[in-house]
Every structure is written in C-alpha cells, then in structure tokens.
Engineer: 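Handing you this structure, nothing more for now.
Positions are given from 1 along the sequence. The figures here come from the full heavy-atom set of this structure, side chains too, leaving out hydrogens, waters and symmetry mates.
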Amino acid sequence: MAATAEQEQQQFYLLLGNLLSPDNAVRKQAEETYENIPGQSKITFLLQAIRNTAAAEEARQMAAVLLRRLLSSAFEEVYPALSPDDQTSIKSGLLLIIQLETQSSMRKKICDIVAELARNLIDEDGNNQWPEVLKFLVRYAACNAIGQMATDFAPGFQKKFHEKVIAALLQTMEDQGNQRVQAHAAAALINFTEDCPKSLLIPYLDNLVKHLHSTMVIKLQELIQKGTKLVLEQVVTSIASVADTAEEKFVPYYDLFMPSLKHIVENAVQKELRLLRGKTIECISLIGLAVGKEKFMQDASDVMQLLLKTQTDFSDLEDDDPQISYMISAWARMCKILGKEFQQYLPVVMGPLMKTASIKPEVALLDTQDMENMSDDDGWEFVNLGDQQSFGIKTAGLEEKATACQMLVCYAKELKEGFVEYTEQVVKLMVPLLKFYFHDDILLTNSTSMPLLLECARVRGPEYLTQMWHFMCDALIKAIGTEPDSDVLSEIMHSFAKCIEVMGDGCLNNEHFEELGGILKGKLEEHFKNQELRQVKRQDEDYDEQVEESLQDEDDSDVYILTKVSDILHSIFNSYKEKVLPWFERLLPLIVNLICPHRPWPDRQWGLCIFDDIVEHCSPSSFKYAEYFLRPMLQSVCDNSPEVRQAAAYGVGVMAQFGGDSYRPFCTEALPLLVRVIQSPDAKTKENVNATENCISAVGKIMKFKPDCVNVEEVLPHWLSWLPLHEDKEEAVHTFNYLCDLIESNNPVVLGPNNSNLPRIFGIIADGEIHEAIKHEDPCTKRLANVVRQVQASGGLWTECISQLNADQQAAIQELLNSA
C-alpha cells in the first residue's frame with residue numbers, strides 16, 4: 001500500500017511538471033488529468049508537494065497556487081466531505097508549514113492558502129471555526145508590530161515600555177511549539193535592544209542572558225537532531241545585539257556563550273547553514289568588541305584561525321554567499337579589537353574585500369514600457385529622466401559594496417602607516433567613486449577615506465604623498481561643485497578641508513584656487529538666495545506649521561553647508577597664512593554680508609568664525625579688514641545668541657594673542673564687555689557655559705599677551721575666581737598654561753601673602769583634573785604636576801593645601817601626580 005501511495009505521489013510531481021510545460025499539448029493533457037483527480041485526493045497530493053522541501057521549487061509553488069484555487073472555487077464540494085481528523089490535520093499542517101518554510105515567496109503563497117481557508121471557515125453568523133489561526137497570527141503579528149515600533153519610535157518607546165516589552169518577548173521566545181513566532185520574538189528583541197539606551201538594558205541583563213542562553217542550547221540541539229535553524233539564526237543575532245548595547249557589562253556572560261558560538265562556526269559548514277554561520281561570525285566579533293581586548297584575547301587566536309580558514313575557502317564561495325558580508329564586517333571589528341596586531345592578516349583579508357568593493361552595478365536606460373515590465377522583485381531601482389525614459393540600476397551587491405568600502409576606511413583609520421602597502425590600490429578604487437551617484441553611503445564613505453589614506457601614505461615620503469594628493473584633488477573639487485545631495489556634499493567638503501590640513505602649504509595650484517573660489521562663491525550666493533526664497537514662502541497663503549517645519553529642515557541643511565565652507569577656509573588660512581588673502585578678497589563681500597546685524601544668528605556665528613581664522617592665521621595683515629569686522633565683533637560679545645557670543649569672544653582672544661599692536665585699543669575696549677558676560681547670573685547654564693568660558697579665556701589672553709592694555713593686578717583676582725574651565729577643552733589648556741606662567745614666576749597677586757592662595761589654586765587644579773579639562777599627554781599636565789610637587793616638598797604648606805580639599809579633589813591631585 002505504502003509503495004502505491006508513494007508511486008501515486010511521484011506521478012503527481014510529474015503531473016505538476018507537465019502543468020508548467022511550455023508545450024501546449026502536454027499542458028492541455030496534464031490539465032485534463034488533474035481535473036479528473038477526486039477533490040480529497042487533490043488536497044492530500046497538493047499538501048504533500050508543498051510540504052516536501054526536497055521537491056523542485058516550481059512544483060511546490062504550483063501546488064500552493066492550485067490548493068488556494070481549489071479552496072476558493074470548490075470549498076463546499078471538497079472540504080466538508082473530509083473527516084474531522086483530516087480537517088484538523090490540514091489546518092495544523094498548514095500552520096506548521098508556515099513556521100518551517102524558509103523561502104519568503106513560498107511562505108507568502110502558503111499564507112494565501114491559510115487566508116482562503118480561514119475566510120471559508122467563518123460561518124454566516126460570523127463565528128470563526130478555526131480559532132487556532134487567530135491565536136497563531138495575532139502573536140506573530142504582535143511581535144512584528146513591537147519590532148517595528150521599537151525601530152520607528154526609539155528611544156522613547158524603549159524608555160516607556162522596557163519592562164513590559166522585554167518580559168513579553170522573552171516569554172514568547174520560550175514557546176517551543178511555534179518556531180515562526182519564536183523567531184519573530186527574537187527579531188523584535190533585536191530591534192528593541194539595538195536602539196535601547198545602555199542604562200535601561202543593564203537591569204535586565206541577567207534575565208535576558210538566562211533566556212537567550214537556554215533558548216540557544218535548545219535550538220542548537222534541534223539543529224543537530226532535526227536540522228531546523230530559523231530560531232537559532234535570530235537568537236544568535238539577539239545575543240550580538242544585547243552584547244553590543246551592554247558593552248563591558250557583558251564581560252561576566254562572555255564564557256557562557258563563546259564556546260557554543262565557536263562550535264557553530266567550526267561545524268556549521270553545510271550550504272544551507274551559510275546564513276547561520278555568517279550571523280554567528282558577526283555575533284562573535286560584536287561580543288569581542290563589546291568586552292574589549294583583554295577579555296577577548298583568550299579566544300582571539302582561535303577566532304582568527306576560524307576566520308582565516310573561511311577566508312581561504314572564499315574562492316569556493318559563490319558571489320551571493322551571505323557569509324561574505326558578515327566576514328567583511330567581522331574582519332573590521334577584529335581590526336578594532338587587535339589594533340596594530342591585525343596588520344599581519346591584511347594579505348589574507350584584502351583580496352576579497354577589494355573584490356567586493358569593486359562590484360560594478362548593472363545599469364540600463366529604459367523607456368517607460370520596458371520599466372513597467374520589470375518588477376521590484378528583480379532588484380532594480382529607477383530614476384525618471386522625463387521624455388518617457390528612466391535610468392535603472394540593479395541594486396544587488398550595492399549594500400555589500402558599501403560595507404566593503406566602509407571596512408577599507410576602518411583599516412586605514414585603525415592601522416595608519418600599517419596600511420601603506422594598500423593605499424595606492426584603494427585610492428584608485430575610491431576616487432572614481434566620488435561620482436558614484438547610485439548609493440549615498442558609498443559616496444559618504446569614499447569622501448571620508450581621502451584624508452585617512454593620505455595619513456597612511458605619509459610614511460612613504462613627500463613625493464609619494466604629493467602624487468597621491470594630485471590624483472584626489474581635482475576629483476574632490478569637482479565633486480564639491482557638482483554633488484546634489486547636501487549630506488554627501490557636506491561630507492566631501494569636510495574631507496577636502498581635512499586633506500588640506502594634512503598636505504599644508506603649496507597643496508593647491510592656481511587652477512585649483514580659481515575653481516575652488518568660484519565654487520565657494522556660488523555656495524555663499526546660493527545660501528543667501530535660499531534664505532530669501534524661504535522668507536517669500538513664509539508670506540504665502542498656504543504657509544502653516546508643516547511648511548515651517550520643512551523650511552526649518554532646509555535652513556538647517558543650508559547652515560550645515562555654510563559650516564563646511566568655514567571648514568575649508570579655516571584649513572586654507574591655517575596652511576597658507578596671509579599669502580592667500582588676495583584670493584580670499586573675491587569672497588570678502590559675501591562674508592561681510594554674513595555678519596550684518598539683521599542676519600540670522602547662524603550666519604553671524606559662522607561669518608565671525610571666518611574672521612576669527614583670518615585674525616589668528618593672517619595677522620598682522622588681517623588688520624586691513626578691521627573696518628569690516630571689528631565693530632560687529634565687539635558688539636557681538638554681548639549678543640543674545642550664545643553661539644554668536646562664543647565666536648566673538650574667541651575672536652577677541654586671538655586678537656590679543658596674534659593680532660599685533662594695531663588691535664591694542666580694541667582689547668582694552670573689549671574687556672568690560674567680556675566681564676559683563678562672565679558675571680551675568682545665567683553665565684554657567686548649559687546653553688551659555690561655552691560662550692562664558694571663551695570670554696574667561698579671552699580675558700586671560702589679554703592679560704598674557706597685551707598686559708599693558710589692562711590693569712592686570714586688578715583683573716587677576718577676578719579671573720582666578722572664574723577658574724577652572726572644563727567644557728571647552730581647548731580654552732582650558734590656554735588658561736591652565738597662563739596659570740602655570742603666573743605661579744612659576746611667583747606672581748604675588750596669584751600666590752597671595754605668605755602663599756595663602758595656594759589651597760585655592762590646588763582646588764582649581766583638582767577640579768580641572770576631575771572634569772578631565774586637560775588630557776594627560778598634554779605638556780600642561782606636567783607643568784601642573786610640577787607645581788604640586790614643589791608644594792609637596794615644603795611639608796607644612798602641603799598639609800594645609802590638601803586638608804582644605806574634599807575626598808574627590810584629593811584623589812584627583814594624586815591621579816595627576818601618578819599620570820605625569
């Protein structure tokens with residue numbers, strides 16, 4: 001009997017194949033044969049074909065379509081005639097197939113069958129005769145919905161609902177009877193933890209880890225015994241996501257997971273386990289990054305060998321193997337963990353990485369008719385060019401290409417001169433991609449890479465470096481002139497500014513300056529024109545809150561480009577000094593326009609920043625522009641906007657430090673304005689503190705560099721009472737260096753009679769250390785430590801100073817002495 005049933009099923013597979021035949025006669029004969037099979041037998045044969053994952057994909061899909069049609073057109077003749085046991089078997093069988101099916105297109109077709117059957121099982125009174133399907137789908141849909149909300153409304157969603165959501169998802173993941181629901185719960189947990197603030201997740205770590213570990217152990221057993229892998233894939237990614245958010249707090253759980261994860265990578269070598277293996281490789285590397293080098297080093301060698309083995313097998317991998325993109329990202333994380341020790345692996349890693357980064361997408365120019373014949377499933381994206389024409393690009397491989405480019409940047413950044421062997425081939429790949437308009441991430445990554453690659457190449461000497469820069473420079477300037485997307489444009493401009501900082505004086509020739517000057521002039525003119533257009537739109541009758549919101553977005557985008565114009569000018573002034581001023585004069589009227597009193601505060605802020613750079617880097621020649629910027633700068637010290645105050649105060653500081661004698665009377669005039677800002681009641685609030693600290697620093701610079709402009713003895717006690725600075729680290733260094741000058745020269749005002757001010761000075765130094773105002777590698781740290789040591793050697797005075805400090809301050813003084 002069994003043999004006969006099997007033979008009949010085999011004949012049915014042949015019949016399904018014939019139903020798909022291009023030969024009309026064969027197909028017609030098959031249709032007649034199919035129609036003559038009794039309805040109940042059809043259901044049995046079709047279900048068996050759908051369930052059989054070893055059968056040809058086309059045959060399974062055909063069986064799914066036929067079963068849905070059968071339930072749609074002949075439900076009343078076929079289904080009620082089945083025994084109750086058979087009906088139950090069909091219903092539970094379909095729900096199980098949905099859970100186990102891995103092909104998304106096939107799963108959709110099975111869901112269509114379930115929907116058709118469910119529709120027919122609701123009677124005329126609206127009673128549902130298949131309650132299990134609702135239970136199954138509601139939980140399945142709920143997990144999807146939670147995952148989506150966790151992504152769309154992060155981190156607010158996490159802050160509000162962390163307790164309920166984590167508990168519900170963990171409970172749902174325990175449901176061993178519903179694999180698909182388990183997998184969706186794990187997927188939702190990934191969405192939730194990815195954007196969850198670390199502080200919210202930590203209290204749940206023990207519970208999360210316990211559930212994830214027990215589920216992983218069960219699913220690993222199921223993989224070995226039954227070959228099911230869907231839930232395990234999601235659980236592995238959930239573990240990675242939790243570790244990524246928890247960072248060093250994951251260290252206690254490291255040994256619980258790492259052996260099993262290494263076991264999966266070692267043993268999951270079959271083709272159907274490629275995705276699981278890739279996700280596990282990702283998980284191991286994310287855990288390594290989370291717990292840090294010290295903890296990970298016990299497994300680093302094993303993991304590197306596993307990765308190397310996979311990498312050497314790369315030639316056997318198909319181009320669409322999911323492991324490739326996971327491997328590429330994992331190598332970059334290993335590079336971050338191992339630092340310079342990673343260099344030895346570059347020869348193995350770089351081949352596949354360059355191959356992926358060099359993927360050339362398929363492109364086509366199509367008329368509208370051709371385009372309509374191609375569905376989204378084919379992986380094409382289209383841009384309408386007008387005149388019934390569209391430009392199409394096949395997106396397959398683009399994400400992988402973007403990831404590979406990001407990894408190249410990571411290696412250049414982490415390994416610096418250790419990456420020098422590869423800089424030339426990477427530059428030759430990256431520079432042409434500045435015109436790669438199909439994928440913003442690729443453009444962003446490539447522009448970021450340019451200054452990093454120059455840093456890597458520097459070790460080869462100036463000639464090699466200059467050749468590389470010449471290859472980049474024209475392309476970067478052209479891209480600044482032509483890039484339409486403002487996010488990408490701002491990144492390219494930032495990158496260009498960084499390159500000029502690396503290369504320094506002489507890196508731009510006359511043609512470069514001519515082209516760049518025209519482009520920057522165009523950007524500034526466009527900036528003013530866009531502002532005018534926005535003002536016109538605000539007068540329009542359709543103007544409302546929504547319009548204002550989009551106008552604000554446009555404005556923010558415009559201002560961001562303005563900051564990048566400032567970045568480029570800063571790097572040019574920094575490199576070329578006053579030699580570049582004749583070139584700058586074509587832009588001068590536009591920059592003067594930025595600082596007019598009626599302009600919005602971001603314009604005035606960035607206009608002042610540009611004049612600050614001119615004073616700092618091009619003095620004393622800068623004074624010839626004083627008529628344009630000095631009055632606005634002094635008036636802006638007390639501006640309503642803290643950002644404008646900060647730019648103006650910084651300007652006064654550099655006037656004192658670099659400006660030369662012509663600026664003396666203006667330093668005297670600025671002093672009471674600076675003091676007014678510092679002494680205002682809300683000077684130290686969060687939004688005002690940076691501007692205030694720049695004012696304090698400027699007062700210090702006037703006393704240090706232009707002491708005859710002010711009464712230093714009168715101002716010094718006030719200035720000491722305002723210290724230390726701790727928000728603006730750059731200005732903090734200036735103030736501490738000046739404080740050291742004063743102490744080292746035994747300034748009587750600072751030290752006080754019989755050194756009575758020293759406890760106060762110790763308090764300033766300790767608070768600076770507590771707020772990490774100065775990096776330990778900065779020479780200023782050594783000077784401060786020496787001041788402390790001199791007092792330490794004097795016995796009684798040391799005891800007096802230390803006794804007036806609180807416990808945190810005493811610990812900070814000790815930390816300072818240990819570090820310098």
Engineer: Do you know which two heavy atoms are closest between Ala773 and Phe736, and how far apart they sit?
Structural biologist: CB-CE1, 4.2 Å

Engineer: Using a strict cut-off of less than 4.0 Å between a Lys/Arg side-chain nitrogen and an Asp/Glu carboxylate oxygen, indicate whether Glu455 and Lys416 qualify as a salt bridge.
Structural biologist: no

Engineer: Go through the side-chain N and O atoms of Ser697 and Tyr738 and say whether any donor and acceptor fall under 3.5 Å apart.
Structural biologist: no

Engineer: Are Glu693 and Val689 close enough, and set up right, to give a side chain to side chain contact (heavy atoms under 4.5 Å, CB included), and what steps lead you there?
Structural biologist: CA-CA 6 Å; Glu693 290 197 350; Val689 67; 3.9 Å; yes

Engineer: Do Tyr628 and Ile595 make a side-chain contact, defined as non-hydrogen atoms from C-beta onward lying under 4.5 Å apart?
Structural biologist: no

Engineer: Quick check: closest heavy atoms across Ile813 and Leu805, and the distance to 0.1 Å?
Structural biologist: CG1-CD1, 3.8 Å

Engineer: Before accepting this row, confirm whether a basic side-chain N of the pair Arg631/Glu669 lies closer than 4.0 Å to the acidic partner's carboxylate O.
Structural biologist: yes

Engineer: CG of Leu524 to CG of Asn593: how many Å apart, nearest 0.5 Å?
Structural biologist: 9.5 Å

Engineer: Are Asn530 and Glu554 packed together at the side-chain level, in the sense that at least one heavy-atom pair is separated by less than 4.5 angstrom?
Structural biologist: no

Engineer: If we ignore hydrogens and angles and just use 3.5 Å, is the side chain of Lys706 paired with the main-chain N or O of Ala656 as donor and acceptor?
Structural biologist: yes

Engineer: Is it the case that Ser619 and Ser622 place a side-chain donor and acceptor less than 3.5 Å from each other?
Structural biologist: yes

Engineer: Using modelled atom types and a 3.5 Å cut-off, is there a donor and acceptor pairing between side-chain atoms of Thr692 and backbone atoms of Asn688?
Structural biologist: yes

Engineer: Which pair of non-hydrogen atoms, one from Ala649 and one from Ala698, has the smallest distance, and what is that distance?
Structural biologist: O-CB, 3.6 Å

Engineer: Could you check whether any side-chain N or O of Arg783 sits under 3.5 Å from a backbone N or O of Leu739, counting only pairs where one atom can act as donor and the other as acceptor?
Structural biologist: no

Engineer: Does Asn694 offer a backbone N or O that forms a donor-acceptor pair with the side chain of Glu731 under 3.5 Å?
Structural biologist: no

Engineer: Using salt bridge (charged side-chain N to carboxylate O under 4.0 Å, His left out) as the criterion, point out the one residue from Lys529, Lys521, Lys523 that pairs with Glu525.
Structural biologist: Lys521

Engineer: Side-chain contact, heavy-atom cut-off 4.5 Å: Trp469 with Leu508?
Structural biologist: yes

Engineer: Less than 4.5 Å apart, side chain to side chain, heavy atoms only: is that true for Phe496 and Met472?
Structural biologist: no

Engineer: Strictly below 4.0 Å, N to O, side chains only: are Glu772 and Lys729 in salt-bridge contact?
Structural biologist: no

Engineer: Before accepting this row, confirm whether a basic side-chain N of the pair Asp540/Lys537 lies closer than 4.0 Å to the acidic partner's carboxylate O.
Structural biologist: no

Engineer: Closest heavy-atom contact between Thr563 and Tyr560?
Structural biologist: OG1-O, 2.5 Å

Engineer: Has Asp682 got a side-chain atom pairing as donor or acceptor with Thr685's backbone, closer than 3.5 angstrom?
Structural biologist: no

Engineer: Just do the side chain to side chain contact (heavy atoms under 4.5 Å, CB included) check on Ile591 and Phe629 with the steps written out, would you?
Structural biologist: CA-CA 10 Å; Ile591 308 300; Phe629 71 82; over 6 Å; no

Engineer: Could you check whether any side-chain N or O of Ser557 sits under 3.5 Å from a backbone N or O of Asp553, counting only pairs where one atom can act as donor and the other as acceptor?
Structural biologist: no

Engineer: Answer yes or no: is there a donor N or O on one side and an acceptor on the other, between the side chain of Thr482 and the main chain of Lys478, under 3.5 Å?
Structural biologist: yes

Engineer: Check salt bridge (Lys or Arg N to Asp or Glu O under 4.0 Å) between Glu713 and all other residues, then give those that pass, not counting sequence neighbours.
Structural biologist: none

Engineer: For Tyr625 and Glu585, test the side chains for any donor-to-acceptor distance below 3.5 angstrom and give the result as yes or no.
Structural biologist: yes

Engineer: So how far is it from Leu816 CG to Ile765 CD1, rounded to the nearest 0.5 Å?
Structural biologist: 7.0 Å

Engineer: Can any side-chain N or O of Trp601 pair as donor or acceptor with the backbone N or O of Val644 at less than 3.5 Å?
Structural biologist: no

Engineer: Would you say CZ of Phe658 has more than 12 non-hydrogen atoms from neighbouring residues, nucleotides or ligands within 6.0 angstrom?
Structural biologist: yes

Engineer: Any chance CD of Glu463 has more than 12 other-residue heavy atoms, nucleotides or ligands included, within less than 6.0 Å?
Structural biologist: no

Engineer: Can you tell me how far NZ of Lys564 sits from CE of Met493, rounded to the nearest 0.5 angstrom?
Structural biologist: 9.0 Å

Engineer: Assess whether salt bridge (Lys or Arg N to Asp or Glu O under 4.0 Å) is satisfied between Lys577 and Asp505, documenting all intermediate values.
Structural biologist: CA-CA 9 Å; Lys577 313 299 181 200; Asp505 190 359; over 6 Å; no

Engineer: Assess, by modelled atom type and distance only, whether the side chains of Gln531 and Arg534 contain a donor and an acceptor separated by less than 3.5 Å.
Structural biologist: no

Engineer: For a 4.5 angstrom cut-off between non-hydrogen side-chain atoms, does His598 reach Arg604?
Structural biologist: no

Engineer: Give a yes or no on whether Lys624 atom NZ has more than 12 heavy-atom contacts from other residues, nucleotides or ligands under 6.0 Å away.
Structural biologist: yes

Engineer: If the test is side-chain hydrogen bond (donor to acceptor under 3.5 Å, both in side chains), which one of Arg538, Gln539, Glu532 qualifies with Gln535?
Structural biologist: Arg538

Engineer: Taking atom CD as the centre, does Glu687 end up with more than 12 heavy-atom neighbours from other residues, nucleotides or ligands that are less than 6.0 angstrom away?
Structural biologist: yes

Engineer: Return the minimal non-hydrogen interatomic distance between Ala497 and Asp567, and the atom names on each side.
Structural biologist: CB-O, 3.6 Å

Engineer: Is there a donor in the side chain of Glu616 and an acceptor in the side chain of Tyr650, or the other way round, less than 3.5 Å apart?
Structural biologist: yes

Engineer: More than 12 foreign heavy atoms under 6.0 Å from CZ of Arg676: is that the case here?
Structural biologist: no

Engineer: Decide yes or no for Val677 and Leu674: does some side-chain heavy atom of the first lie under 4.5 Å from some side-chain heavy atom of the second?
Structural biologist: no

Engineer: Walk me through whether Glu501 and Asn574 qualify under side chain to side chain donor-acceptor pair (under 3.5 Å).
Structural biologist: CA-CA 8 Å; Glu501 281 178 29; Asn574 191 16; 5.3 Å; no

Engineer: Are the side chains of Met655 and Met633 in touch, meaning some heavy atoms are under 4.5 Å apart?
Structural biologist: yes

Engineer: Would you say the side-chain atoms of His718 pair up with the backbone N or O of Val715, donor to acceptor, closer than 3.5 Å?
Structural biologist: no

Engineer: For atom CD of Glu815, decide whether the heavy atoms of other residues, nucleotides or ligands shown that lie under 6.0 angstrom number more than 12.
Structural biologist: yes

Engineer: Got more than 12 heavy atoms from elsewhere within 6.0 Å of NZ, Lys782?
Structural biologist: no

Engineer: Check whether any side-chain N or O of Asp485 sits under 3.5 Å from a backbone N or O of Val488 as a donor-acceptor pair, and report yes or no.
Structural biologist: yes

Engineer: Are Arg460 and Glu417 close enough for a salt bridge, meaning some N to O gap below 4.0 Å?
Structural biologist: no

Engineer: Less than 3.5 Å apart, any donor N or O on the side chain of Arg645 or Asn690 sitting next to an acceptor on the other?
Structural biologist: no

Engineer: Strictly below 4.0 Å, N to O, side chains only: are Lys775 and Asp778 in salt-bridge contact?
Structural biologist: no

Engineer: Find the distance between CG (Asp741) and CE (Met703) and round it off to the nearest 0.5 Å.
Structural biologist: 11.5 Å

Engineer: Enumerate, atom names and distances included, each donor-acceptor pair closer than 3.5 Å involving a side-chain atom of residues 606-613, sequence neighbours excluded.
Structural biologist:
{"unit_1": "Asp613", "atom_1": "OD1", "unit_2": "His570", "atom_2": "ND1", "d": "2.8"}
{"unit_1": "Asp613", "atom_1": "OD2", "unit_2": "His570", "atom_2": "ND1", "d": "3.2"}

Engineer: Would you say the side-chain atoms of Glu769 and His776 include a donor-acceptor pair closer than 3.5 Å?
Structural biologist: yes

Engineer: Identify the two heavy atoms, one from Val652 and one from Ala670, that lie closest to each other, and give their separation to 0.1 Å.
Structural biologist: CG1-CB, 3.7 Å

Engineer: Supply the atom-to-atom distance Leu590 CG to Leu520 CG, rounded to the nearest 0.5 angstrom.
Structural biologist: 10.5 Å

Engineer: Tyr464 versus Val459: any side-chain heavy-atom pair under 4.5 Å?
Structural biologist: no

